[in-house]
Amino acid sequence: MMRSTVRVLCCLLVLVAYSATAFRIKEVQDVLNSCVQCHDTDPDKINVHLIHHSHDDVGWLKTLDQYYWGLNNGDANVAVQNILTSVVKALWEVPERRFIQVETAFFWKWWQNESDDLKAKLKTLVENGQLEIINGGWSMNDEACVNYQSTIDQFTWGFRILNETLGECGKPTFGWQIDPFGHSREHASILYRLGFDGLVFSRLDKNDKSLRKENSDFEFLWQGSANDEDNVVFGALTPEDIYYPPSGFCFDILCEDDKIIDDPDDEAFNAEARAQAFADKVKEQVKWYKTNHLLVTMGGDFQYQAAEINFQNSDKLIKAFEHHEDIKLIYSTPSCYLKAVYEAQPTLQVKTDDFFPYGSADHSYWAGYFTSRPNFKRFERTSHNVLQVAKQLSALALASGQEADVDSLRALRENIGVAQHHDSITGTAKQHVSKDYTKLLARGVSQAEAPFTKLLEGLLEVDLSGSVNLTSCLLANISVCTASQTSENLLVVVYNPLSWPVDFPVRLPVDEGSFIIVGSDGVEAYDVTTPISSFSYVKLDEAKPAARELVFIASQVPPLGVKSYVITKDLVKNSQSAVERKLEEDVLKFGDESAGFEIDEETNLLKSVTMNGVTLPVSQTFLHYLSHDGRDDNDPSGAYIFRPDGEIIPFNKPAILSKTQGEVVDEVHQRFNEWITQIIRVYKGAQNYIEFDWLVGPLNISDDKGMEVVTRFTVDNFNNERTFYTDSNGREMIQRVRNKRPTYSYDSSIEPVASNYYPVTSKLVIKDEDGELEVAVLNDRSQAGTSLGEGQIELMVHRRDVKDDAKGVGEALNDTEFDQGIVARGQHYLILGPSSTLLEQGKTVAAQERILAHQKLLQPWVGMAEAGDLTVEALEKLMSKTYSALSKSLPENVNILTLEPWADYTYLLRLEHIFEKNEDPELSSPVTVNLQEIFSGFVVRKAVETTLGANRELAGLKTKYDWSYKGTYKYAKQSLAGLDVTLQPMDIKTFIIEVSR
């Protein structure tokens, strides 16, 4: 009787345990994409998840097209078109095999050029889980130099293509960032918002990696937002230093490792020995993980052009472990690996910061690429600006019942997606490839801008009768603009892509003469100033740099709206008021009490800045580091690596070339030497910042030494206690402490400068907590930045090296243009004031920084055309009409991040809350917006909320992994209540909308 009772109790306990296990397994299945099919694992063995992949750069040693088609094979003998074809055939033969596909740019080229039979087979392989789409962006984007908006766009377009070609099973759920050189917290946040479960990557600081090995922390949880505690994704590191197979087990035709011979009668039989060697690696590496599951990458750069060789050898390796007592090998994917880890329920460390800078060796800090090729970094931002304007204008035209050529958007969408690649925006490709990237962007911009005149004509309800063609001036930065230089009557149309009115300084290259500027508000004040340089080195066909610049403020340009101006050249009048107003030497103060600066009469440098009710002693100058040549250890400064050789070197005292005070702007022109000039300027009125317009280059490397040029701002008597803050891809701020890492230790004395450099894509901030003061410098592109002393902000603006840093590109960072080294031009914007005080403008300093950063990221588009060909009626209508697509301005903490034509007469709309918690008492609060009340020319009648990438509806979204193991939960709560949308700080909400007029 006793035995029977015990037996029954045991059976009941087994049933309860089985039920609990079954329920947990069901939870796991619920969160998996239904198309993912995983091989069985063994709870009593080490399970090795073999991830077969090919890492395919969309340009690096060769251009994207050269890589795809197999051209220019002297630089790399690669033809990407063969990879997917070969993989499809190999997977089709053996159903147990698995492979992952990552870059949608290459997938799309393959899809357009392959047979229907191969495409049908690939889709079947995706549907049965043999081929898993991972990441899914247009490229594997960089994470240091990119702005969050471009990252979102490149994922969204990649997803759109995958949806149209592969359907439901082509929707990615996992990130694969195996090659970027450091990893940002904002990228983790974006992956969470995309609905991803996690990511895998390879590169992190060697000191961090050593500690993680010791603590078995190669798997972790990453909180991607300090403003949302639910924003968490799983993270895993590859066991090898990068993403290649274990040493000795690279079976690809590009590798030289021995293949596996499993015929015991053959003299070359080596299967047992190879299996033992592999087992030794597995037993060593599994110690670095929390569970008995090990992820092993079986692929590398451009591998699998002859995929059957790879898979045959993997088949043999797996077979060699069939009866192994400790180890089981399986074909797997990242999704299957994550499923297995989750089932094991490990306790994982939570990561709350990021993985910058990446130090691969004592003297190899990958911080140089934060600045490399500064002109391309700026052009990418300019192109992004044009794309957002193009998408908005197309959407507004279509929604208002007009025609719009949406195909004109495609090239720029795709080419900006390519530009996000981790060897594109980073400046780490060969020079001929970088030039191709620039060409692709220029072509995309030209195509996207082509319909602007017609689109604006329809929105403004003005009949231009084909008499004008609005063009922007992409060469205005070198004082070249044919329209403004040659037109006696110039039409200027200013379109604002932001969701609130802006005051925008319009600067146009002009030749001699006086001018009259007329807009909807009447006659506008203007100044004529001298360009930053003569640009005499620029040699262009039928274009000559102008000798002057015309400056006026396009005031209160409405949100998603237009203001127009006519500029008439007065050929008779040439009064002193219309030319540059030069001042006496003893004039040292510029601007006014709301925003102004003073120049030191002895040093000719900035002396103080007045803003937001305070005056602080601020100086600014240029300095440079000499680049280390790697003479002792072969770790030189190069495209990737920043390694200074010795102490920083100041330049001589600058000369003051001119000082002007005008109705619109005050300027001081400085020359530090023959290749560094700068304008310090302050605009009158609502422009609450000081602008530093610098021109640097060509850098002097005549002594065969590379050079890294920085600008440094110093605030006297300012104690920031070694602490500074940098943005993460233009979104949330992250605290940095000089010579310290939050989660591991390192020897800061080895590279005390480079190890303290971080990516700055939007701004760098220092705070004096005791003095309650805050100083911020905003930039117009990605740059390397730091604070190496109290009260200091340092940003690297340009670099030129004579050595290759041996990280793969195979050439020095020594680009030329116009028969000389590259000349870089850019702007910095200085804001300062009380850090915790609500200012007279009703905003904190942090709020001013947020709004200014958006104004500089998405500037108004300025189009120009000869106005003389317009009818008087059309001209009068343009001058009298102010257009806005919004019924009213949105709150200053809400911006329309995306508005673009989507599919089947729908539109993609994203709203973003641009503030973090505690940045401003009012603007950091949650805010509610009604979608039906936003637009003026049409009404939103239906909205479907989706994930950030617009490829999954939130309402029916699968559940996510719950790492507390208490039960599953939804990815995100829907924000829609009717058509009311509530945004929390740093929220981004994405909708597919339908409209009616």
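Computation of the quantities below employed the complete heavy-atom set of this structure, encompassing side-chain atoms and omitting hydrogens, waters and symmetry-equivalent molecules. Computed from a prediction, not measured in an experiment: that's the story for all the values here.
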Open item on the list: Can you confirm whether Lys339 sits close enough to Cys38 that some side-chain heavy atom of one is under 4.5 Å from a side-chain heavy atom of the other?
Closed with: yes

Open item on the list: For the residue pair Glu219 / Tyr337, report whether a side-chain donor-acceptor contact shorter than 3.5 Å exists.
Closed with: yes

Task: Between CG on residue Leu948 and OG1 on residue Thr990, distance to nearest 0.5 Å - done: 4.5 Å

TODO: Is it possible for you to check whether Lys351 lies under 6.0 Å from the centre of the six-membered ring of Trp222, through NZ or CZ, and within 45° of that ring's axis?
DONE: no

TODO: Salt-bridge test for Lys171 and Glu168: reply yes if a basic N is under 4.0 Å from a carboxylate O, no otherwise.
DONE: yes

Open item on the list: Can a side-chain donor-acceptor contact be found between Asn918 and Ser924 if the only test is distance below 3.5 angstrom?
Closed with: no

TODO: Report yes if some heavy atom in the side chain of Thr104 is under 4.5 Å from a heavy atom in the side chain of Phe159; otherwise report no.
DONE: no

Task: Distance-minimising heavy-atom pair for Asn227 and Met986 - done: ND2-CG, 3.6 Å

Open item on the list: Evaluate Ser748 against Ser755 for side chain to side chain donor-acceptor pair (under 3.5 Å), listing each step before the verdict.
Closed with: CA-CA 7 Å; Ser748 61; Ser755 69; over 6 Å; no

Open item on the list: Under the rule for side chain to side chain donor-acceptor pair (under 3.5 Å), what residues qualify as partners of Lys290, not counting sequence neighbours?
Closed with: Asp217

Task: Heavy-atom side-chain proximity of Leu795 to Val777 below 4.5 angstrom - done: yes

TODO: Could you walk me through whether Gln177 and Glu143 pass side chain to side chain donor-acceptor pair (under 3.5 Å), step by step?
DONE: CA-CA 9 Å; Gln177 291 290 107; Glu143 299 182 39; 2.9 Å; yes

Open item on the list: I'd like to know if the side chain of Glu732 pairs up with that of Ser225 as donor and acceptor (distance under 3.5 Å, no hydrogens or angles considered).
Closed with: yes

Task: Residue pair Lys283 / Asp326, side-chain heavy-atom distance below 4.5 Å - done: yes

Open item on the list: Just so I know, are the side chains of Val296 and Pro246 near enough to count as touching, which here means a heavy-atom distance under 4.5 Å?
Closed with: yes

- [ ] Please check if any side-chain donor atom of Glu774 sits under 3.5 Å from a side-chain acceptor atom of Ser835, or the reverse.
- [x] no

Task: Shortest non-hydrogen separation from Arg212 to Leu237 and the atoms involved - done: CD-CD1, 3.8 Å

Task: Arg736/Asp354 under salt bridge (charged side-chain N to carboxylate O under 4.0 Å, His left out): CA gap, chis, key distance, verdict - done: CA-CA 10 Å; Arg736 314 295 189 184; Asp354 61 9; 2.8 Å; yes

Task: Euclidean distance, Cys169 SG relative to Leu162 CG, rounded to 0.5 Å - done: 12.0 Å

TODO: For residues Thr173 and Ser335, determine if any side-chain heavy atom of one lies less than 4.5 Å from a side-chain heavy atom of the other.
DONE: yes

- [ ] Would you kindly say whether Asn147 and Thr151 are connected by a side-chain donor-acceptor distance under 3.5 Å?
- [x] no

Task: Test item: Glu922 and Asn893 side chains (from C-beta on) under 4.5 Å apart, heavy atoms - done: no

TODO: Using atom types as modelled and distance alone, determine if a side-chain donor or acceptor of Tyr243 lies under 3.5 Å from a backbone N or O of Met298.
DONE: no

Open item on the list: Please find the pair of heavy atoms, one from Ser189 and one from Gly224, that lie closest to each other, and give the distance.
Closed with: CB-O, 3.2 Å

Task: Residues that Phe220 engages under ring pair (Phe, Tyr, Trp, His ring centres under 6.0 Å), provided they are two or more places apart - done: Phe355

Task: Heavy-atom check, side chain of Ile327 versus side chain of Leu329, under 4.5 Å - done: yes

Task: Any side-chain donor near an acceptor of the partner, Asp42 and Asn47, under 3.5 Å - done: no

Open item on the list: Using ring centroids (six-membered ring only for Trp), state whether Trp138 and Phe155 fall under 6.0 Å.
Closed with: no

TODO: With Tyr640 as reference, evaluate Phe181, Tyr369, Phe370 under the ring-ring contact (aromatic ring centres under 6.0 Å, His included) test and give the passing residue.
DONE: Phe181

Open item on the list: Looking at Glu919 and Arg850, is any side-chain nitrogen of the basic one under 4.0 Å from a carboxylate oxygen of the acidic one?
Closed with: yes

Open item on the list: Regarding Gln984 and His913, do their side chains bring together a donor and an acceptor under 3.5 Å, going by distance alone?
Closed with: no

- [ ] Measure the CG-CD1 distance between Leu923 and Ile851 for me, rounded to the nearest 0.5 Å.
- [x] 6.0 Å

- [ ] Would you please say whether a donor-acceptor pair under 3.5 Å links the side chains of Ser332 and His49?
- [x] yes

- [ ] Could you label the plane-to-plane angle of the Tyr358 and Trp366 rings as parallel, tilted or perpendicular, counting under 30° as parallel and over 60° as perpendicular?
- [x] tilted

Open item on the list: For His52 and Tyr331, take the angle between the two ring planes, folded into 0 to 90°, and tell me which bin it lands in: parallel under 30, tilted 30 to 60, perpendicular over 60.
Closed with: tilted

TODO: Grab the two heavy atoms, one from Tyr757 and one from Ala784, that are nearest each other, plus how far apart they are.
DONE: CD2-CB, 3.2 Å

- [ ] Measure from NZ or CZ of Arg741 to the centre of the six-membered ring of Tyr746, then state whether that distance is under 6.0 Å and the direction lies within 45° of the axis.
- [x] yes

- [ ] Would you please say whether a donor-acceptor pair under 3.5 Å links the side chains of Thr238 and Ser202?
- [x] yes

TODO: For Asn141 and His422, test the side chains for any donor-to-acceptor distance below 3.5 angstrom and give the result as yes or no.
DONE: no

Task: Residues Lys960 and Asp230 bridged, charged N to O under 4.0 Å - done: no

Task: SB check Arg731 Glu912 (cutoff 4.0 Å) - done: yes

Open item on the list: How long is the straight-line distance from CG of Leu295 back to OH of Tyr289, given to the nearest 0.5 Å?
Closed with: 6.0 Å

Task: Pairwise distance CE(Met733) to CZ(Arg185) - rounded to 0.5 angstrom - done: 10.0 Å

Task: Val753 versus Phe642, closest heavy-atom pair with distance - done: CG1-CE2, 3.8 Å

Task: Within 6.0 angstrom of Glu953 CD, more than 12 heavy atoms from elsewhere - done: no

Task: OH on Tyr365 to NE2 on His363, rounded to 0.5 Å - done: 9.5 Å

Open item on the list: Less than 3.5 Å apart, any donor N or O on the side chain of Asp228 or Tyr192 sitting next to an acceptor on the other?
Closed with: no

Task: Ion pair check, Arg203 and Asp179, cut-off under 4.0 Å - done: yes

Task: Distance-only side-chain donor-acceptor flag, Tyr244 / Thr297, under 3.5 Å - done: no

Task: Residue pair Asn729 / Thr761, side-chain donor-acceptor N/O under 3.5 Å - done: no

Task: Nearest atoms (heavy-atom pairs only) where Leu221 meets Phe234 - done: CD2-CA, 4.2 Å

Task: Carboxylate-amine/guanidinium proximity below 4.0 Å for Lys206 and Asp362 - done: yes

TODO: Check whether the side chains of Gln285 and Glu240 place a donor and an acceptor atom closer than 3.5 Å, and report yes or no.
DONE: yes

Open item on the list: Walk me through whether Asn719 and Asp770 qualify under side chain to side chain donor-acceptor pair (under 3.5 Å).
Closed with: CA-CA 8 Å; Asn719 182 17; Asp770 292 336; 4.7 Å; no

Open item on the list: I'd like to know whether Arg952 forms a side chain to side chain contact (heavy atoms under 4.5 Å, CB included) with Thr946, so could you lay out the CA-CA distance, the side-chain angles of the two residues, the decisive distance to 0.1 Å, and finally the verdict.
Closed with: CA-CA 5 Å; Arg952 288 187 173 89; Thr946 70; 5.9 Å; no

Open item on the list: So, applying salt bridge (charged side-chain N to carboxylate O under 4.0 Å, His left out) with Arg738, which one of Glu721, Glu790, Glu794 is it?
Closed with: Glu790

